[in-house]
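To keep things clear, I will list the structure first and then write my remarks on it.
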Amino acid sequence: MIDVNQLTHHFTLGKKGNQTKLSVLENISFHVSAGEIVTIVGRSGSGKSTLLNLISGFIRPTQGEIIIEDQKVSNFDESEFAHFRLNHMGFIFQNFQLIPSMTAFQNIELPLILKGMGETARKETALAMLKKVGLEGFGEHYPSELSGGQQQRVSIARALVLEPPLILADEPTGSLDSETEEDLLQFIQQLNKELGITFLIITHDDEVARIGHRTISLADGKIVESGVFS
Amino acid sequence: MKLKDQFRFILQNMKKNKIRVFMTVLATAMGCAFLIVLASVAFGLHDSVLKDTMESREINEIEIAGYEDDNGTYRSINDEDIARFEEMENVRTVTRAKVVGQEITASLGDDYEGTISASSTYFPAELEAGARLAEGRLPESSNEVVIGHHFIPLLTPSNENTEDLWDEQGFVKEELRYNEAIIGETITLELKKIEDGEESTGQFEVTVTGVMEQPSREWMWDQKVYISEDLLGEMEAFTGTPRADLYDPSDEENEGLIADGYNSVIVVAANLESVQGISDQLKDQNYLTYSIVNEMKQVNMLFTIAKAGLIFIGTIAILIASIGIYNTMTMAVTERAPDIGIMKAIGASPKVIKRIFLLESSYIGLIGAAIGIVAAYIISILVNIGLPLILEAVFEEELPAGLMFSYIPFSLVVIAIVICLTVTILSGFRPAKRATEIDVLKAMRREV
Ligand SMILES: Nc1ncnc2c1ncn2[C@@H]1O[C@H](COP(=O)(O)OP(=O)(O)O)[C@@H](O)[C@H]1O
Ligand SMILES: [Mg+2]
């Protein structure tokens with residue numbers, strides 16, 4: 001599903017003429033198979049988010065290549081990557097990243113609109129998705145009228161609505177209480193089992209790391225450990 | 001993303017900031033209305049001038065002043081030339097006249113006299129060209145004449161005080177005019193001649209058989225006496241000069257001073273469309289021509305320049321309004337940056353983002369243009385009703401009927417829409433581009 005080969009990433013800091021290079025990822029390689037749940041752990045600042053952003057195409061690697069579903073996405077231009085994201089990836093963010101001026105229903109509908117789906121099919125699909133995440137009756141609520149857990153479910157519904165084979169999550173439980181977190185983890189496992197969706201989840205929470213079939217541990221921009229979480 | 005959905009999207013966005021959008025639309029509408037109303041004045045006046053000209057019969061006429069060969073040698077038009085003109089395609093008729101080369105004193109009995117001009121006239125062509133008699137009949141013998149419509153009103157009674165002889169229009173006061181039947185009356189035409197340096201006069205008696213109709217234009221005065229070719233011949237024999245011009249034929253210096261031939265020749269085209277063609281053809285054959293159509297070419301060009309100039313000034317108004325659009329769109333992009341970031345993150349391509357914002361700015365432009373056009377039509381109507389009233393009140397003078405100050409043709413509306421849309425789309429371009437450049441991560445961290 002995902003192949004990361006000798007990935008290196010540097011950030012340049014400071015103003016022109018007085019720049020310093022910050023090396024965040026050094027020569028990272030790993031593989032994620034379809035249907036796996038892989039968690040990435042590591043201390044704060046170890047480069048987890050940077051790795052995920054590279055895979056998502058939000059930033060471009062300094063060196064190395066990323067191959068997703070046999071496509072060398074690290075060569076894509078912005079448009080191609082956007083298209084690829086829409087069709088192959090779902091995202092769950094720590095802060096949910098819902099559009100505040102849109103209702104829960106409209107937020108879920110958004111990927112379908114971007115995809116160009118007709119109105120009737122769209123409404124049906126979005127409604128089914130709303131039901132699936134247990135938010136039936138909350139469709140007309142705006143994000144600000146929903147609890148954190150409910151918002152995260154809306155964002156999961158939005159990530160799932162186009163049935164992507166891969167979902168990327170950066171600290172998905174970071175803003176949730178432990179009970180809601182438990183629900184979410186179960187839901188992820190259920191989706192993985194039932195639909196075979198591959199998950200790549202960043203966390204610094206052991207509870208989350210535990211649901212991974214495999215865990216990659218990052219420190220100082222290098223993989224220090226890879227295997228079943230213990 | 002479907003166009004319909006993009007549209008719904010921008011409507012939703014515009015609703016969020018109604019007042020700002022309204023102000024921007026208002027500015028655009030004002031700019032657009034300003035452009036249209038301004039230019040409509042040139043269109044209106046041009047139209048009035050054209051209509052006025054089109055209605056006159058002179059529009060079909062080509063005056064032939066003479067013939068000038070390649071060496072620049074001039075001669076006046078003769079019967080051979082006229083025969084050639086008459087042969088030409090689309091020529092309805094050729095009117096021709098020899099105007100007597102001196103002022104003539106005409107007297108009616110002992111009580112009335114006036115200074116007039118006389119010309120020999122070929123009546124069949126004159127009638128074909130549209131001239132009509134108001135009363136009487138055409139001359140049949142050499143000493144019969146037709147008089148112009150203003151011959152009588154300009155004939156002065158010889159025993160009246162000249163000071164309050166005239167009315168406001170410049171004619172002899174109604175009550176002082178000769179007011180009996182003129183048909184059948186005899187008038188005396190007095191000509192001068194110079195012979196061996198000595199000036200003397202000669203008199204020709206003619207009988208009036210008809211009076212011409214009033215000329216097509218109010219400002220045209222016709223006090224001519226239309227005489228026969230034969231009578232002109234007699235006059236020429238009297239003075240010894242062509243067209244009875246007043247100079248001494250025995251003086252050698254005057255040899256060939258006046259060319260023989262017609263000095264008022266008008267080719268009347270069958271229709272307006274063929275005037276240009278005939279005129280060009282005649283010019284190619286070295287004839288000196290003049291026609292209103294040619295004149296109109298210059299007038300048209302002048303109006304075209306005026307229109308372009310006014311449209312240009314109007315465009316500046318729209319450009320000013322576009323600053324508002326630029327501002328509105330920039331603010332919209334800034335406000336929506338987090339949303340744009342999220343949309344990009346889940347897979348909206350930069351193209352779609354750009355199109356949404358361009359659509360929004362052009363939508364503002366389009367609504368502005370639409371409102372501006374409606375407003376311009378209303379203003380135009382008010383101007384056409386109100387301005388004549390004001391002008392007439394201020395200058396106490398009646399304006400010509402049918403004068404239009406402002407006219408908005410469809411083409412002007414199209415021009416305004418095109419300018420308005422171009423300017424608004426251009427002003428939305430940079431904000432739209434900025435929207436596509438929004439960094440996903442920064443936007444999601446609310447850093448933009
Ligand atoms: N846009 C950026 N510009 C400069 N430095 C950055 C940027 N993003 C992250 N970093 C730096 O890269 C390192 C890794 O950050 P990150 O990937 O966010 O770590 P993690 O998610 O593991 O906490 C940190 O030292 C951080 O300061
Ligand atoms: Mg992080």
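Predicted, not measured: the structure shown is a model, and the values here were computed from it. So you know, we letter chains A, B, ... as the sequences are listed, proteins then strands, and number each from 1.
Counting heavy atoms from C-beta on, the side chains of B:Val440 and A:Ser56 never come closer than 4.5 Å. Counting only heavy atoms from C-beta outward, the side chains of A:Asn95 and B:Arg445 never approach each other to under 4.5 Å. Side-chain contact between B:Ile346 and A:Arg85: absent, with no pair of heavy atoms (C-beta onward) separated by less than 4.5 Å.
Only the side chain of B:Arg8 comes within less than 4.5 Å of a heavy atom in chain A; its backbone stays farther off. Using a 4.5 Å cut-off between heavy atoms, A:Ser101 touches chain B through its side chain atoms alone. Of the atoms belonging to A:Ser79, heavy atoms from both backbone and side chain fall under 4.5 Å from chain B. Looking at A:Met102, only its side chain comes within 4.5 Å of chain B, counting heavy atoms on both sides. Using a 4.5 Å cut-off between heavy atoms, A:Gln106 contacts chain B through its side chain alone, with no backbone atom that close. For a residue to count as touching a neighbouring chain, one of its non-hydrogen atoms must lie under 4.5 Å from one of that chain's; by this rule A:Leu112 does not touch chain B. With a 4.5 Å cut-off on non-hydrogen atoms, A:Phe81 does not touch chain B at all.
Salt-bridge annotation for B:Asp5 and A:Lys115: absent, with no side-chain N of the basic residue lying under 4.0 Å from a carboxylate O of the acidic one.
Heavy atoms only, all atoms of each residue included: B:Gly347 and A:Leu114 are closest at C-CD1, 4.2 Å. Residue A:Phe91 comes nearest to B:Ala345 through the heavy atom pair CE1-O, 3.4 Å, listed as atom of the first residue, atom of the second, then distance.
Within a 6.0 Å sphere centred on CZ of A:Phe84, other residues, nucleotides and ligands contribute more than 12 heavy atoms. Crowding of A:Asp77 atom CG: a count of heavy atoms from other residues, nucleotides or ligands under 6.0 Å exceeding 12. More than 12 heavy-atom neighbours from other residues, nucleotides or ligands sit within 6.0 angstrom of NZ on B:Lys16. No more than 12 heavy atoms of other residues, nucleotides or ligands sit less than 6.0 Å from atom CZ of B:Phe312. Applying the 6.0 Å contact sphere to CZ of B:Arg430 captures no more than 12 heavy atoms from other residues, nucleotides or ligands. Atom CD of A:Gln19 has more than 12 heavy atoms from other residues, nucleotides or ligands within 6.0 Å. Within 6.0 Å of CD1 on B:Ile19 lie no more than 12 heavy atoms contributed by other residues, nucleotides or ligands. Around the CG atom of A:Asp220, the shell of radius 6.0 Å holds no more than 12 heavy atoms that belong to other residues, nucleotides or ligands.
Between the side chain of A:Glu78 and the main chain of B:Ser349, no donor-acceptor pair closer than 3.5 Å is present.
Contact count versus chain A (heavy atoms, under 4.5 Å) is highest, among B:Lys2, B:Gln6, B:Met444, B:Lys344, for B:Met444. Taking A:Glu80, A:Met89, A:Arg158, A:His83 one by one and counting their heavy-atom pairs under 4.5 Å with chain B, the maximum is reached by A:Arg158.
Note that CD1 of B:Ile342 is 5.0 Å distant from CD1 of A:Ile99, once rounded to the nearest 0.5 Å.
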